[in-house]
Amino acid sequence: MLRSVFAKAVWDRKRTMLWWVLGVSALISWVSFTYPIMRDSEAMLQFIEDFPPDMLAVFGIDPATYLTGAGFLQAQFYTMFGPLMIIGLAISLAVGATASEEKNGTMDILLSVPISRTSVMIQKAGVVEVLVAVVVAALTVVLLIFNVALDMGLSIQNVLAANVSLWLLGLVFGGVTLVAGAFTGKPSTATGVGVLLAILSWFANAFVALFSWLEIPSKVSPFTWYLEGPPLLKGWSTGLLWLIIATIVLAAAAIAAFNRRDIATERSVMPESSKARGRKTKTLKPRATGLLGGVFGKSVWDRRRSVWAWAIGLASLMLLTFAAWPAFSKDSEAIADMVSAMPKEMFALFGMTDPDSLSTAAGFISSRTYQSVGPIVMLIFAVSAVSSLVAKEESKGILDMVLSNPLLRRNILLAKAAAIAVLSMFIAALLTLFGLTGNVIWGTNLDLVNILAANTGLALLALCFGGIALAVWSVLGSGPAIGITAAIGAVAWFLNGLGSVVDGLAPFRILSPFYWYLGDTAPLAKGFEPQYALLLLIAVVGTGIAVWRFDTRDLAV
Amino acid sequence: MTIAIATSGLTKYYGSSPGIIDLDLEVRVGEVYGFIGPNGAGKSTTIRTLLNFLFPSEGSGTVLGLDIIKDTLEIRRRVGYLPGDLSMYDAMTAREFLIYFANLRSCDCTKTMASLADRFQLDLDRKIKDYSTGNRQKVGIVNAFMHQPELLILDEPTSGLDPLMQQEFQELINEIRSEGRTVFLSSHILPEVDRVADRVGIVRDSRLIAVDTVEAFKAKAHSTLSIQFASAIDEALFSGLEGVKDTEVRNGGTVLAVTVSGSLDGVIKEAANHDVVSISTRDSELEEVFLSYYSGDVDAS
């Protein structure tokens, strides 16, 4: 394990990789299990014949093939969910390549040994390639087993083609992240660039049917290369070649960028650095001095970028959904048919425990912003805020320094909790604003109270998980806090989703905060629900436990 | 080859703010060179440029006769480095960390690793994140020395070490010197440099402002003698002597304070002509010399 940079990096990620393998296997299992239900449904067959193909394309559904195993899996997994996960994995691995080591300061001592930067980058890029391959291989194996067990009729050749393409798609965005990381040395920038390019290229590919100006961008979108065929139906495609070329070019660019970098400094070697000699050094004024007046202000300030990123991401998603509604509403009856024909299990996976409402504006717009993506984003936002504002500050010893001031521990913690609450509410407020605007522009006639309620609930959901994260942190310490809270969130998510379709789990659904928020009605189709108070209660109790424990426990170093 | 490190006009800017400007450095093989200056003077920038972590904005340099950019791999093969801002892989134990780095160097360093750890009383089987600052520093020192490099580049090596360990470290440096190996160390702790270095370079505001042997710097130091006589004496007898900078009488002329640069011989011989009760000296030593360089009282030589 300690033989080389490559071996160490792989070894370091063994546990994370286990989770990825399990998660991806669980997902593909879920999707596979819904296939027989779909195939045997008369209503579905009827619907596929009736529905306008253009609309189906936006759902990733090809009417000619949807009822075959390959067409179904392509639409339900390989078009969006699979790529999303694999790209996410590749980006997170690529950030860990050089940018994280530069930020952590370990790159200096690593490069003090006689290894060339080229070799470091090749080994680190190799880690991304191999580990993504491991997860994709697991996916392939599970799928091949289900192919036999559920009689899905997939060609083994095509399964291989699809998964190799998926692997390469991940590597392209992993490569983008490597380049950004090698050029800037900043993990946050690297992640941002990787995610942004992934979203843009997905968008260009997915919406080219609706917006003609996307024609040219969609041609250079790796998603278009990836979906050419698509491989699960047609086998190896020329798009694969483009993905391979892009991967190689990006890896070469990453090596070149890293070779020119000033390690662990703010910027790469810029040609103007020698010209800058004569210039006077600028005095940097402390920014936002007002905000640095206290723990609360500082915490808000620390998270400003993250808040804007999440808020704008969610708001854009919502506006897109609004914009798509007029087109969909023309066929709302057909949508209703489709929904009743499709297995509820599939919707449940995406938090849509109320699929029949998809044919209404409230249900349709909820489905993306308030049922699937929104709650997960808020969970991630709250947990990562607790991680960086509280857990990391403790493990890095920053809390020691903060507490050397005459401040009560509880006040510091409460200030941080308040900051997370205010930031969550800010995201919700921005969404409300966009929701109200969208409602007017696209004439969706949503109830204003419902808009307010859906967003309040979303903010409360964030607070709830923030409270849980704080409580877990105060009891178990900084190390396991984030992982455990994320696991609680995942279990709660599946409990709500599965509980709506599996009878045995139904009684346990009431334990899930997602159930309190989502229930069996889309958030935009209902007003303020009494269960929202439960979300607030958990937030308050969680924070209370944290304050109580934190006041009396040892500070970890 | 007698030059271990040489730079000519080495300059590094970060954007528009200077790291090190126009540095001409010469470190000879077999010597211990102390690179000293206040915080932010450019010491770490210089070191990180020598190891090609940073690319010079201008100028060039060689380490062990090898170009710092072109031959960086060969340089790093033959150099031991201790970073000033030491970060290691927190989740590893010290042993794992050191084995990993030995592997990356393809060196069988187990023996030297163990003896160095012994010497610095370092328990290798704890996680790096659980070490105190001093113990982390010891891990860094073991890592820098374990492959017995011919040149050691050490950025503030004793920071965090207790006095006993600092002494151990100084002994280690002396052994390295007696083996004919070279040490380039940066520091802002003067006694440390005083004790181990043969030559000293002083950096201030990104420029190297003085280089000399420790002895030469000491010779520039002044000392103040305070002599008590049995009866009042004439100040003028002393003020004209060679090397005397300043005189002052107190206590009705019975106590004479005299500031001398260089040899005390003349003052002592003159005092011997009188009835001396006691003599005390206060050495300004290196400390004051350096402080005068640091604060900018002395201009670039």
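Sequence lines set the chain letters: A, B, ... in the order given, protein chains first and strands last, and positions in each chain run from 1.
Contacts with chain A were tallied for B:R77, B:M88, B:E96; B:R77 has the most, counting heavy-atom pairs under 4.5 Å. Here B:S87 is the residue among B:P83, B:G80, B:S87 with the most heavy-atom pairs under 4.5 Å with chain A. For the set A:L2, A:I115, A:D12, the count of heavy-atom pairs under 4.5 angstrom toward chain B peaks at A:L2. Residue with the most contacts toward chain A among B:N52, B:L82, B:I153: B:N52 (heavy-atom pairs, distance under 4.5 Å).
In this structure, chain A has no heavy atom under 4.5 Å from any part of B:L51. Only the side chain of B:L86 comes within less than 4.5 Å of a heavy atom in chain A; its backbone stays farther off. A:N104 touches chain B through its backbone: at least one of N, CA, C or O sits under 4.5 Å from a heavy atom, while the side chain does not. For a residue to count as touching a neighbouring chain, one of its non-hydrogen atoms must lie under 4.5 Å from one of that chain's; by this rule B:D90 does not touch chain A.
Proximity of the aromatic rings of B:Y81 and B:F53 is defined here by a centroid distance below 6.0 angstrom, and this criterion is met.
Side chains of B:Q137 and B:T133: a donor-acceptor N/O pair is absent below 3.5 angstrom, by distance only.
Taking the ring centre of A:W11 as origin, the terminal cationic atom of A:K14 falls inside the region bounded by 6.0 Å and 45° from the ring axis. A cation-pi arrangement is present between A:R409 and A:F550, with the terminal nitrogen or guanidinium carbon under 6.0 Å from the aromatic centre and inside a 45° cone about the axis. Note that A:K124 lies outside the cation-pi zone of A:F258, set by a 6.0 Å cut-off to the ring centre and a 45° limit from the axis.
Considering only heavy atoms from C-beta on, B:Y89 comes within 4.5 Å of A:E101 through its side chain.
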